[in-house]
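Okay, so here's the structure we're looking at.
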Amino acid sequence: MEALSVPLISLQNFSTLNNNLPFRNHQILSAIDKCSSSKQLKEVHARMLRTGLFFDPFSASKLFTASALSSFSTLDYARNVFDQIPQANLYTWNILIRAYASSSDPFQSFVIFLDLLDKCEDLPNNFTFPFVIKAASELKASRVGTAVHGMAIKLSFGMDLYILNSLVRFYGACGDLSMAERLFKGISCKDVVSWNSMISAFAQGNCPEDALELFLKMERENVMPNSVTMVCVLSACAKKLDLEFGRWVCSYIERKGIKMDLTLRNAMLDMYTKCGSVDDAQKLFDEMPERDVFSWTIMLDGYAKMGDYDAARGVFNAMPVKEIAAWNVLISAYEQNGKPKEALAIFNELQLSKIAKPDEVTLVSTLSACAQLGAIDLGGWIHVYIKREGIDLNCHLISSLVDMYAKCGALEKALEVFYSVEERDVYVWSAMIAGLGMHGRGKAAIDLFFEMQEAKVKPNSVTFTNVLCACSHTGLVDEGRVFFHEMEPVYGVVPETKHYACMVDILGRAGFLEEAMELINEMSITPSASVWGALLGACSLHMNVELGELASDQLLKLEPRNHGAIVLLSNIYAKTGRWEKVSELRKLMRDTELKKEPGCSSIEVNGNVHEFLVGDNLHPLSSNIYSKLDDIATKLKPVGYEPNKSHLLQLIEEDDLKEQALSLHSEKLAIAFGLVSLAPSQPIRVVKNLRICGDCHEFAKLVSRVYDRDILLRDRYRFHHFRDGHCSCMDYW
DNA sequence: GCACCCATGC
């Protein structure tokens, strides 16, 4: 800013200097073109102020253009230069609008545009509109953009090719594809940009088929595509997951000799990885003459999404620049593939490395990993971090926080976050409804659903899944029936298989097995494995052999390796005393090497997540845990605790073995560890990967009473809040 | 009295 402290030279001086101007003029003005740093630019600026050349409008606008558009300059500085120009002309105004339109704050383009209308002696021209419309596209500001469109027509620019092209992009960006297409069709002499804009609008607007069709039409009309066209076409292939066509496009590019630049190569990489051919991508990547952060991120994402974490890690380690996006790819890949611990490990590494700063995407993925693990300490820390860093609490983050707190058993905290914000979108409402539902507060969940209607937020498919789940957890059969039957006619949400699965669960659990079966028979879509799974679960609960066999048959047809189906069916046989069937199934499981998913419980203590498997003694404090279990057994006997053997799968013969196995269920280990290591005032929060068994449920109830401790246990389906010998699920689960 | 524009990838 030192340039600005140079005293302004009066206009009088300027006229005396003017004699020498032709020479100086040329020298200084060519110095502007040679600038390659903001320091140099400021020096020229100072010289122009000293010599008075700055007061020549053309020279000033040349300096201003360099300050507004060159990569080394900042917009704030350009704004300063602009404000010093005594009489800005339309050209200068246009440059300022243009600079803001492609900046991080395109809204400023609107502000400047209004200023222009107010202060500039000329009306906006054919150059002004493309910039303002570009800003509207960036912001998806459909009303402002439409108004600007109208204004352009009034000023008789309605047929300007540049303006029409930018309008095609604008309407496309706003999701109004039919308007974009109408304008496109009305362009009398379309150039390649017109085609590109329309193809891009289709590709970005979830209509990749239309994008490819338009490209073929362009080809038929002998319009030569350029590299931008091909980027859009490849993007459409990636969206359509059409590897075959994608490969054809790559060979087409070569055949037609279309210039291959970095962007186009990245688009090819992206198409290959999205369409599932990381090998093709790797081959291309290896041959690339230059790579940027996108090339690296695409490869990283490709490997991470297909679950090849070693390869992904290899790419990550080799990356020259590790932007936050790269960290996010790794974290979200782990989180979305059921590896929350690994996700948190990466987050930890990110924190320690201090190379990049977590952004909203990082926090959303990390919160979701915390939710999966029940890691409330870290989740709460992230909440504090968000507040401390002043990160904007948008709906996405709010729903993640609500979900995290609810899944970590802190329903009150979830409600607190929920009610602390003003703006709630459908996902925030849905997350809260789900939270109430999983904690057995079905009535409250339903109340919230109606509160959501009053807030004029339209429920979607997710909302209905959560409402129906809430009904199922609390046994609200009549309410469930009403929601299910109203969702399409009243709310316009078409039931999907997941809704049918919920409804079958609601009916089945409550014993309406025939009605559940009728519902399945009436389905217009093919029942999924989860639908049959819900029916099978209900049959196991109500010991219905006939329907249970049918359900497990159907389930195994869809998922031949689903051990859960066999386990449930064997439970039905065991409970009804059909031992020969039980041993048949046992043999089947042995022969097909189907392994039961091992039960695993985790508990967070001081920010560390500890995991326990059935009967494991790997924990460093193992001996303390086992003596605590002995202590519990002694204290529970007098209050009537008897290990209930029928809850065990009939896969262990010896009775004493059964009892031993029961006492060693992972949730018992976790609860014992909680008693050993947490302060008496702290609730014991346990997350279990499978459904809790009846024996452990009874065990937890009694521990909560005898030790006067709150135990919050989340199993695969819901929460059990044990307090004073009772459970929040009211034994309905 | 000059000149500036539209379309591309995570």
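Computed over heavy atoms, backbone and side chain alike; hydrogens, waters and symmetry mates excluded. Lettering follows sequence order; numbering is per chain, from 1. Just so we're clear, the structure is a prediction, and the values are computed from it rather than from any experiment.
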Check every strand shown and say whether [X] touches a base, only sugar-phosphate, or nothing at a heavy-atom separation below 4.0 Å.
| X | result |
| --- | --- |
| A/Asn328 | nothing |
| A/Lys274 | sugar-phosphate |
| A/Glu323 | nothing |
| A/Thr297 | nothing |
| A/Asp261 | nothing |
| A/Asn94 | base |
| A/Lys62 | nothing |

Within residues 222-237 of chain A, which residues have any heavy atom lying less than 4.0 Å from an atom of DNA chain B?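 Nucleic-acid contacts, sorted: A/Asn226, A/Val228, A/Val231, A/Cys232.
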For the pair A/Arg169 and A/Glu138, find out whether any cationic side-chain nitrogen is under 4.0 Å from an anionic carboxylate oxygen.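 Between A/Glu138 and A/Arg169 there is a salt bridge, with a charged N closer than 4.0 Å to a carboxylate O.
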Ring centers of A/Phe107, A/Phe110 separated by less than 6.0 Å: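 Yes, close enough.
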For chain A and DNA chain B, what are the first and last nucleotides along the strand, 5' to 3', with at least one atom under 4.0 angstrom from a heavy atom of the protein chain?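 From 5' to 3', the first and last contacting nucleotides are B/dC2 to B/dC10.
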My understanding is that only residues two or more places apart in sequence, or in another chain, count here; which of them pass ring pair (Phe, Tyr, Trp, His ring centres under 6.0 Å) with A/Tyr385?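 Listed in chain order: A/Trp381.
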Please check if any side-chain donor atom of [X] sits under 3.5 Å from a side-chain acceptor atom of [Y], or the reverse.
| X | Y | result |
| --- | --- | --- |
| A/Ser400 | A/Asp403 | no |
| A/Thr263 | A/Asn266 | no |
| A/Thr92 | A/Asn94 | no |

Between A/Asn226 (side chain) and A/Val228 (backbone), is there a donor-acceptor pair under 3.5 Å?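 Pair found, side chain donor or acceptor close to backbone of A/Val228.
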What closest approach, in Å, do A/Met319 and A/Leu300 show between heavy atoms, and which atom pair accounts for it?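 Closest approach of A/Met319 to A/Leu300, heavy atoms only: SD-CD2, 4.1 Å.
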